[in-house]
Number of protein chains: 2
Amino acid sequence: MLKFSKKADYALLALQYIASAQGGGALPPRVVNTKEIAEEHFMPVELLAKVLQTLARHQIIESHHNGPKGGYVLGREPKDITIAQVLEAIEGPLGITDCYHEKEESSCDQMDRCNIRTPLLKIQESIYTLLNGMSIEDMLRDESPLIIVESLKPQGVHS
Amino acid sequence: MLKFSKKADYALLALQYIASAQGGGALPPRVVNTKEIAEEHFMPVELLAKVLQTLARHQIIESHHNGPKGGYVLGREPKDITIAQVLEAIEGPLGITDCYHEKEESSCDQMDRCNIRTPLLKIQESIYTLLNGMSIEDMLRDESPLIIVESLKPQGVHS
DNA sequence: CTAGTCAAGAGTAATTTAGTCGGAGATAGA
DNA sequence: TCTATCTCCGACTAAATTACTCTTGACTAG
């Protein structure tokens, strides 16, 4: 439940690998290829290849078609690649509930009777904020950011 | 991605329904049965039945075996039923990543090379806190609680 | 020219989720 | 007592999603 897909895991691992391979950023970044990452993390090469392709399509990484020296490089700075972006690239818009980002036609037929939409949307937004608050850079240092989740019931206000 | 399962949705809707059916709590709570809920929300009765059964097993609701007048009632106060509890009842321990609540044998074989565990666990905990911070009671009033997600990078500290 | 790379789409296998069915036990009301 | 209506449970099937594979093509450094 609420689990990342394998593709998502692969994507994050790969990005972490690519990022850490291109060091500080002073010298030109090292180009790393699919096979290298796959072997490092025991992933099926072809699958990782697809994952990297979609990441490239979303400009999260940048592909270098240099024959035998080809491979990938980060498309932008690690701090500008958030986990939310990666997940959305791989799996499309993310959301706890369908009825949020739904096309007209297929929209939930019990919309009017659905009394739990509003609270669920709140949760969804919070999760998104959460995932958007952590970047690849944060995954590079062992110190990942402190995340504070605070739930303030509006009870002091009115009741 | 990161979507609730239908069973989870059904559970939450059902709980909201049961809760709102038993009003303030002064008079003895009304017993509501599976069929009634299913029809209200256009759910397959048998499936909802299973969902309610598992909720009952987890003491989130309480079953009344009273033949034709049988049905369910909340097992405790709405404010003491959190969304996290409901999800866990229905789908087992929830977590972004497998490697957190894993049995010995099947544990991830790339544990030692996994550089993204720590940050992901942080996210996982935050999501849990989030889901545990909202209760059925919150879903009853149109005012659902304010959720504040704040991400504090530890940059002031060291860098 | 060749080996090694990314790219893209179709196809298959495995796993998970959704939903169904049939039978058992209990009880209120006729 | 009989019947209708409920909860309960496990096995089963069906559908959908996810994971993974295969094939083909285009490009390029050496």
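Order of the sequence lines sets the chain letters (A, B, ...), proteins ahead of strands, with each chain counted from 1. As a basis for the values below, the full set of heavy atoms in this structure was taken, side chains included, without hydrogen atoms, waters or symmetry mates.
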Q: Apply side chain to side chain contact (heavy atoms under 4.5 Å, CB included) to A:Q53 and list each qualifying residue two or more places apart in sequence or on a separate chain.
A: A:A49, A:Y72

Q.
Is there a side-chain contact between A:R57 and the phosphate of C:dA7, meaning an N or O under 4.0 Å from OP1 or OP2?
A. no

Set out, line by line, the N/O atom pairs under 3.5 Å between protein and nucleotides 16-19 of chain C.
{"from": "C:dA18", "atom 1": "OP1", "to": "B:K6", "atom 2": "N", "distance (Å)": "2.6"}
{"from": "C:dG19", "atom 1": "OP2", "to": "B:Y10", "atom 2": "OH", "distance (Å)": "3.2"}

Q. With distance as the sole criterion, is a donor-acceptor pair present between the side chains of B:D138 and B:S135 under 3.5 Å?
A. yes

**Q.** Cluster companions of A:V45 among Ile, Leu, Val, Met, Phe, Trp, Tyr (side-chain spacing under 4.5 Å)
**A.** none

Q. So does A:S63 get a side-chain nitrogen or oxygen closer than 4.0 Å to the phosphate oxygens (OP1/OP2) of C:dA7?
A. yes

Q | Test side chain to side chain contact (heavy atoms under 4.5 Å, CB included) applied to A:A11 - qualifying residues, sequence neighbours left out | A | A:V51, A:L55, A:V86, A:I90

Q. A:H58: what forms a side-chain hydrogen bond (donor to acceptor under 3.5 Å, both in side chains) with it, not counting sequence neighbours?
A. none

Q: List in chain and number order the residues that pass side-chain hydrogen bond (donor to acceptor under 3.5 Å, both in side chains) with A:R76, two or more places apart in sequence or in another chain; answer none if no residue qualifies.
A: A:Q85

Q. 5' to 3' on DNA chain D, which nucleotides open and close the contacts with chain A (atom under 4.0 Å from a heavy atom)?
A. D:dA19 to D:dG30

Q: For DNA chain C, find the residues of residues 66-74 of chain B with a heavy-atom distance under 4.0 Å and give them by number; none if there aren't any.
A: B:N66, B:G67, B:P68, B:K69

Q) B:L47: what forms a side chain to side chain contact (heavy atoms under 4.5 Å, CB included) with it, not counting sequence neighbours? A) B:K7, B:Y10, B:P44

**Q.** Partner residues of B:D80 under the side-chain hydrogen bond (donor to acceptor under 3.5 Å, both in side chains) criterion, sequence neighbours left out
**A.** none

(Q) If the condition is side-chain hydrogen bond (donor to acceptor under 3.5 Å, both in side chains), which residues does A:S5 pass it with, not counting sequence neighbours? (A) A:E91

Q. By side chain to side chain contact (heavy atoms under 4.5 Å, CB included), which residues pair with B:E36, not counting sequence neighbours?
A. B:Y17, B:R30, B:V32, B:N33

